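For clarity, every value in this text was computed on a predicted model and none was experimentally measured.
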2 protein chains.
Amino acid sequence: MGHLTESLGYVLKQSAKALHLATEEVLRPFDLTVAQFSCLELLGRHPGLSNAELGRGAFVSRQSMNLVLRGLQQRGLVTRPDTVATGWARPTQLTPEGRAQLHAAAESVRKVEKRMISAIPEKRRVKLRKDLAACADAIAPSAR
Amino acid sequence: MGHLTESLGYVLKQSAKALHLATEEVLRPFDLTVAQFSCLELLGRHPGLSNAELGRGAFVSRQSMNLVLRGLQQRGLVTRPDTVATGWARPTQLTPEGRAQLHAAAESVRKVEKRMISAIPEKRRVKLRKDLAACADAIAPSAR
DNA sequence: TCCTTCATGTCAACATTCTGACACGTCGGG
DNA sequence: CCCGACGTGTCAGAATGTTGACATGAAGGA
């Protein structure tokens with residue numbers, strides 16, 4: 001599509017879309033959507049996150065994350081206490097099955113990211129990551 | 001959300017989402033969605049694109065772009081011939097009103113991109129853009 | 001103490017996008 | 001010449017995400 005690629009926003013969207021598609025594809029054999037995998041990965045690194053926290057971490061609303069969580073719970077991949085001592089937030093935990101699924105799927109997802117990163121000269125990878133994070137910070141609503 | 005930011009895929013999604021949200025916000029006064037604006041911008045740079053071509057350029061299916069295009073057509077911002085001499089593809093053109101809307105909205109959108117870019121040292125901006133493009137190429141389905 | 005503010009989970013309605021499917025026109029090789 | 005592959009526009013159905021709203025509990029200041 002030619003000279004649109006001179007816009008940083010365009011290539012940003014393009015890369016994100018391509019990554020999403022590729023991730024979707026490798027996740028298909030595991031019967032996991034990208035949202036579901038993101039949720040599992042978040043829980044793997046930060047056990048006990050609540051529904052709303054998971055939503056923010058995966059960049060979706062808490063209503064959407066609620067549906068994702070129900071699916072995962074029904075498949076026995078995560079656990080939430082039906083009732084909680086204090087407040088509303090129900091801490092979510094990975095089940096052993098969930099941890100196994102995450103471990104298996106994460107391997108495939110890392111291959112995708114590896115393939116993407118391999119296109120970048122090694123010395124520039126850290127800077128790329130930091131620059132992108134700086135972009136996100138500069139444009140976040142809280143930064144206004 | 002801590003150490004997830006060490007994953008390039010995560011910050012990529014984060015930046016893209018932040019940019020989308022910010023663009024959505026500045027586009028609201030013009031009563032344009034991001035998809036609609038992308039469509040107008042594509043037509044501004046490449047007049048006569050068909051429905052399917054616009055969809056590919058904006059990273060959505062041709063079915064979705066069809067709905068976007070109908071809305072823009074109904075508002076008098078674009079024109080498509082009802083019938084065409086050869087084939088199915090109907091070349092889309094911006095109307096004068098569409099061109100005016102695009103010009104006005106593009107100014108606001110460029111401010112957003114400017115704010116995002118301003119977080120990056122000037123010398124690195126070109127490399128960032130090229131690295132992102134390389135990422136997209138490396139991971140595109142055709143690259144497999 | 002009270003009460004205002006904030007955060008959470010959940011329900012409902014709505015919007016947007018995608019996949020599957022069909023009909024039609026073009027282009028190419030056999 | 002024919003026919004298969006390909007691209008396009010469109011319809012229908014399903015999946016997914018979002019906003020708005022409500023009830024409830026926690027936290028902090030007057």
Distance, rounded to the nearest Å, where A/N66 contributes CG and D/dT16 contributes P:
14 Å

Atom CG of B/L54 and atom P of C/dT17: how far apart are they, to the nearest Å?
14 Å

Under 4.0 Å between a side-chain N or O of A/R62 and OP1 or OP2 of D/dG20?
no

Got a sec: does the CZ of B/R110 have more than 12 other heavy atoms crowding it under 6.0 Å?
no

Whole angstroms only, please: what is the CZ-P distance between B/R70 and C/dT17?
14 Å

With a 4.5 Å cut-off on side-chain heavy atoms, are A/S50 and A/P91 touching?
no

Can you tell me if A/K17 touches the phosphate of C/dT17, counting only side-chain N or O atoms and a distance under 4.0 Å to OP1 or OP2?
no

Provide, to the nearest angstrom, the distance between the CE atom belonging to A/M65 and the P atom belonging to C/dA7.
19 Å

A/N51 side chain near C/dT8 phosphate (N/O to OP1/OP2, under 4.0 Å)
no

A/L4 vs B/R45 side-chain heavy atoms within contact, under 4.5 Å
yes

Is there a side-chain polar atom (N or O) of B/S61 under 4.0 Å from OP1 or OP2 of C/dC18?
yes

Return the value, rounded to whole Å, for the distance between atom CD of A/Q73 and atom C1' of C/dT10.
14 Å

Using whole Å, what does the distance between atom P of nucleotide D/dA15 and atom CD of A/E24 come to?
15 Å

If the threshold is 4.0 Å, N to carboxylate O, is there a salt bridge linking B/E41 and B/R99?
no

Closest to the 5' end of DNA chain D, once A/A35 and A/A85 are matched to their nearest nucleotides, is A/A35

Mapping B/F59 and B/W88 onto DNA chain C by nearest heavy atom, which one lands closer to the 5' end?
B/F59

Between the base of C/dG20 and the side chain of B/Q63, is there any donor-acceptor pair under 3.5 Å?
yes

Examine the base of D/dG7 for any acceptor or donor lying under 3.5 Å from a partner atom in the side chain of B/E53, and report the outcome as yes or no.
no

Please confirm whether the shortest side-chain N or O distance from B/R90 to OP1 or OP2 of D/dT10 is below 4.0 Å.
yes

Side-chain N or O of A/R56 versus OP1/OP2 of C/dT8: is the shortest distance under 4.0 Å?
yes

B/A52, nearest nucleotide to its side chain (from C/dT17, D/dT8, C/dC11)
D/dT8

Touch class at under 4.0 angstrom, heavy-atom based, for A/L67 against every strand present
nothing

Please check if A/L21 and A/L27 belong to a single hydrophobic cluster, counting links between Ile, Leu, Val, Met, Phe, Trp and Tyr side chain heavy atoms closer than 4.5 Å.
no

Has A/T86 got a side-chain N or O lying under 4.0 Å from the OP1 or OP2 atom of D/dA26?
yes

